[in-house]
Amino acid sequence: MTCLKWWQKAVFYQIYPRSFADGNGDGIGDLPGIVSKLDYLEKLGIDAIWLSPHYPSPQFDCGYDIADYTAVNPEYGTLEEFKHFLNGAHQRGIRVILDLVLNHTSDQHSWFVESRSSRLNPKRSWYIWENGKNGGPPNNWESVFGGSAWELDVTTGQYYYHFFFMEQPDLNWHNPEVKQAMFNAVRFWLELGVDGFRLDALDTIFENQDLPNHTAKLTQAELRRALQTTRNADERKYLQEQGAAMFKHQLNQPGIHQLMQELRAIIDEYPDRVLVGETDNIAYYGDGDNELHLVFNFPLMRTSRLTPSWVRTNQRERLASLPASAWPCNTLGNHDQSRIFNRFGDGQNDNALSRISLALMLTLRGTPFLYNGEEIGMTDIYLEEIKQFRDRRAIWYYNTAIARPGTTLEEALAYANQASRDKSRTPMQWNNTPNAGFCPPDIEPWLPINPNYTSGINVDDQLNDPDSLLTFYQRMLQLRRQTPALVAGDYVSLHQDSEYYLAFLRQIPGDDQTCLVVLNMSEQGHRLSFDMPYSSARVLFSSRTRDSDTDNLGTISVAPFEIYIAELR
Ligand code: GLC
């Protein structure tokens with residue numbers, strides 16, 4: 001335990017700054033707002049914050065379109081306020097990592113403004129400019145957000161490349177000046193004392209420089225529609241292959257590992273910093289010590305139901321594939337996904353299942369990442385009018401749907417809601433007053449507030465309720481901190497065939513501590529028996545009231561959806 005690094009022991013909590021807390025009363029979250037909630041975070045029991053982009057940005061992609069890498073979005077505050085936030089977090093023992101978007105900038109970034117001004121501008125080669133072909137774009141590549149990945153700039157008569165929105169032109173990472181400028185920005189924040197970075201969309205940083213056409217037989221819009229409707233496993237597989245073929249030349253291209261190693265070398269000049277990658281590709285661990293410290297185990301969340309066999313298979317494959325010194329990293333939710341409450345719920349037992357999700361995050365081997373609002377059971381919002389949407393991806397899908405003959409407004413709206421990431425980005429629900437205590441009652445928040453704040457889904461109502469989800473989060477986080485095996489222990493899977501419950505050990509070699517974890521993912525109770533060289537199980541945590549705090553390993557009963565954690569003696 002003592003030889004683990006802070007980021008191996010930490011529980012991270014993602015803050016989406018626009019939606020966390022509004023300190024100056026303009027309907028938009030900001031740094032003073034976050035500072036005012038640091039005591040809350042300390043009491044919650046998290047160890048580190050991942051702050052989604054806080055940089056100046058026209059907000060075309062909610063901050064993931066950065067216009068200046070070494071400043072603070074004036075809507076969120078000043079650099080001084082950022083320092084104040086960082087200090088405040090550090091004083092409470094909370095580390096802070098920032099979002100680092102290397103692949104692209106905003107089209108409003110001065111680098112791009114210069115680059116597009118003329119073919120002869122010195123910054124021209126900072127981005128990817130190409131001549132068109134046969135009166136169209138250079139090739140058939142698509143943007144992952146829909147439509148061509150190339151945009152014609154009429155002034156200079158060339159196309160620029162964008163993997164995401166056209167307002168997010170890709171940087172040309174083959175240009176050493178780009179690397180230098182970005183590394184300077186990285187150093188700027190490290191010098192200020194931030195504890196590391198979450199690397200955005202790193203698979204997309206390099207492209208195939210020969211620009212070959214992709215060979216997928218469908219457009220991306222067709223693919224997405226087909227994936228949503230298909231129930232046939234063979235067809236699904238075919239569609240997934242088509243998806244991979246579509247982006248084959250735009251993802252994971254040569255050069256990226258070298259770049260990650262260079263970035264790691266910079267990070268390592270500063271004591272105790274961390275890099276976590278928005279990718280599930282374990283190749284980014286490098287040899288375990290020379291690229292990223294953490295890579296998300298996204299495959300775990302790619303399901304609508306967390307079943308015991310799903311988790312067991314994921315853990316078996318994932319843990320076996322990591323390089324020896326690599327440390328796992330688990331998450332079930334973030335600002336791009338549906339809320340955990342909806343995503344892994346069944347519509348009937350959502351509260352119990354959301355507790356199982358947290359217990360899973362905090363007991364599996366690896367660093368957990370939680371997403372703000374999860375702790376009070378915030379849910380997805382369904383927006384009733386297109387004008388309420390802020391996520392341009394949803395608006396793009398709405399417009400494409402409307403343009404298809406025969407699509408009704410309701411269908412287009414449903415489609416937009418499905419594609420939208422706004423649903424999990426709504427303002428944090430702090431209390432049961434108008435606007436949920438996020439911003440003043442008479443101000444319109446930047447994104448509608450989920451009306452369910454009035455029915456107990458808010459921090460204040462849950463804080464002093466011993467049965468609330470929030471109290472459960474606090475108790476579980478505290479338990480993890482106090483239980484070395486849950487942090488440092490090896491994972492040993494038990495009862496491989498159970499369809500109803502997940503059982504495993506977390507065990508520190510040398511038997512310093514061994515914990516038994518049982519997560520009953522079913523509506524039935526079960527009587528379990530374990531044949532192990534221990535005589536008893538001392539219950540450390542149970543989500544129900546148990547008759548005794550010690551069990552015999554031959555007969556442990558678990559109630560429906562019970563979370564059971566015991567130390568074996
Ligand atoms: C990442 C972010 C997402 C953003 C995209 C482009 O996937 O999580 O929100 O839109 O990168 O920067």
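Sequential numbering from 1 along the given sequence is applied to the chain's residues. Hydrogens, waters and symmetry mates are skipped; everything else that's a heavy atom, side chains included, is used. Order of listing sets the numbers, starting from 1, for every ligand and every atom in it. As the structure is a prediction and not an experimental result, all values here were calculated from the model.
Annotation: atom 10 (O) of ligand 1 to nearest protein heavy atom, D61 OD2, 2.5 Å. The nearest protein atom to atom 7 (O) of ligand 1, hydrogens excluded, is given as E278 OE2, 2.8 Å; this is a heavy-atom distance. Nearest to atom 2 (C) of ligand 1 among the protein's heavy atoms is D200 OD1, 3.1 Å. Given atom 9 (O) of ligand 1, the protein heavy atom at minimum distance is D336 OD1, 2.8 Å.
N73 and Y55 make their closest contact through CB-O, 3.3 Å (heavy atoms, listed as atom of the first residue, atom of the second, distance).
For ligand 1 and Y64, the ligand atoms under 4.0 Å from any heavy atom of the residue are 2 (C), 4 (C), 9 (O), 12 (O). Those atoms of ligand 1 that come under 4.0 Å of a heavy atom in F164, given as number and element, are 5 (C), 6 (C). Every atom of ligand 1 is numbered from 1 in the order shown, and the set under 4.0 Å from a heavy atom of R421 is 3 (C), 4 (C), 9 (O), 10 (O). The H335 neighbourhood of ligand 1 comprises atoms 2 (C), 3 (C), 8 (O), 9 (O), with distances under 4.0 Å to a heavy atom of that residue.
The aromatic rings of F82 and W189 lie perpendicular to each other, with more than 60° between the two planes, well past the 30° mark. By the 30° and 60° cut-offs, the orientation of the rings of F296 relative to W50 is tilted. Between Y16 and Y371, the ring planes lie perpendicular to each other; the angle is over 60°, past the 30° to 60° tilted range.
Contact annotation for R198 and ligand 1: only side-chain heavy atoms (C-beta onward) come within less than 4.0 Å of the ligand.
Ligand 1 lies out of reach of F163, whose nearest heavy atom is not under 4.0 Å from it. In this structure, H104 is part of the shell of residues with a heavy atom less than 4.0 angstrom from ligand 1. At least one heavy atom of R425 sits under 4.0 Å from some atom of ligand 1.
Two rings, from F112 and Y160, have their centers less than 6.0 Å apart.
At least one cation-pi condition fails for R95 and F12: the charged atom is not both under 6.0 angstrom from the six-membered ring centre and inside a 45 degree cone around its axis.
Residue W150 forms a ring pair (Phe, Tyr, Trp, His ring centres under 6.0 Å) with just one option from Y127, Y159, Y161, W129, and that option is Y161.
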From CA spacing to verdict: side-chain contact (heavy atoms from CB on, under 4.5 Å), R264, E291: CA-CA 6 Å; R264 174 64 180 261; E291 293 192 27; 5.5 Å; no
